[in-house]
Amino acid sequence: EDQVTQSPEALRLQEGESSSLNCSYTVSGLRGLFWYRQDPGKGPEFLFTLYSAGEEKEKERLKATLTKKESFLHITAPKPEDSATYLCAVRSSFSGGYNKLIFGAGTRLAVHP
Amino acid sequence: GAGVSQSPSNKVTEKGKDVELRCDPISGHTALYWYRQSLGQGLEFLIYFQGNSAPDKSGLPSDRFSAERTGGSVSTLTIQRTQQEDSAVYLCASSLAGAGNEQFFGPGTRLTVL
């Protein structure tokens, strides 16, 4: 069964304190790992797609990396506006799963001045 | 351009009533998805539409749930005889043709069943 587990559930950082969020996955043939950001009361906002182990993508203070079993979202020198819930999702090549994303429960990040 | 829009933003209903939730996808996006987000849970896939193909209904939790997409654009998710466990945020997403493209989400409809 395809599964995504995110850790920690919640993370509190001081402004400028770098850290990483983890996404562990079990999937039948990975066809993409996705990171989204979700602010309270809003829908998820797309950040990155990673397809193969070793791939990395960056956007401002965020960097996403991928291995065969997990992905990390590294946040460098975070600012209060980075506070949000970060969601990880996978798409599998199993015919029943190809059309949908399997999401983890998310990591709630709070960055304090 | 305009993003995915959903209405209503909030819906409060009584147990046993039927509700309809609406989604307007991004213009030109032929793929449309419905997800459900319960408190403290990840997003749960409900249904997927792609063009004129038969929808993928594999995520619908019971036969009280149904969805349609008219004219390849607007979609309506209907929940009949609502139950308290149906309370959640219902999110719609759209993407370009094919399942391999990024999904763009609407703001969601928060459904509360009393």
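Any value given below was found using the heavy atoms of this structure, including those in side chains, with hydrogens, waters and symmetry copies removed. What you see is a predicted model, and the numbers here were worked out from it, not measured in a lab. Quick note on labels: first sequence line is chain A, next is B, and so on, each numbered from 1.
Between the B:Y35 side chain and the A:L101 main chain, a donor and an acceptor come within less than 3.5 Å of each other.
Looking at every heavy atom in both residues, B:Q103 comes nearest to A:F46 through O-CB, 4.5 Å.
Neither the backbone nor the side chain of A:E45 comes within contact range of chain B; no heavy atom of the residue lies under 4.5 Å from a heavy atom of that chain. Both the backbone and the side chain of B:L43 have a heavy atom closer than 4.5 Å to some heavy atom of chain A. Contact of B:Q37 with chain A is made through the side chain alone, with heavy-atom distances under 4.5 Å.
In this structure, A:Q14 places its CD atom where more than 12 heavy-atom neighbours from other residues, nucleotides or ligands lie under 6.0 Å away. Atom CZ of A:R61 has more than 12 heavy atoms from other residues, nucleotides or ligands within 6.0 Å. Shown here is B:L39, whose CG atom has no more than 12 heavy atoms of other residues, nucleotides or ligands within 6.0 Å. More than 12 heavy atoms of other residues, nucleotides or ligands shown are found within 6.0 angstrom of CD on A:E17. Atom CZ of A:R108 sits in a sparse spot, with 12 or fewer heavy atoms from other residues, nucleotides or ligands closer than 6.0 Å.
Among A:G106, A:P44, A:A105, the residue with the largest count of heavy-atom pairs under 4.5 Å with chain B is A:P44.
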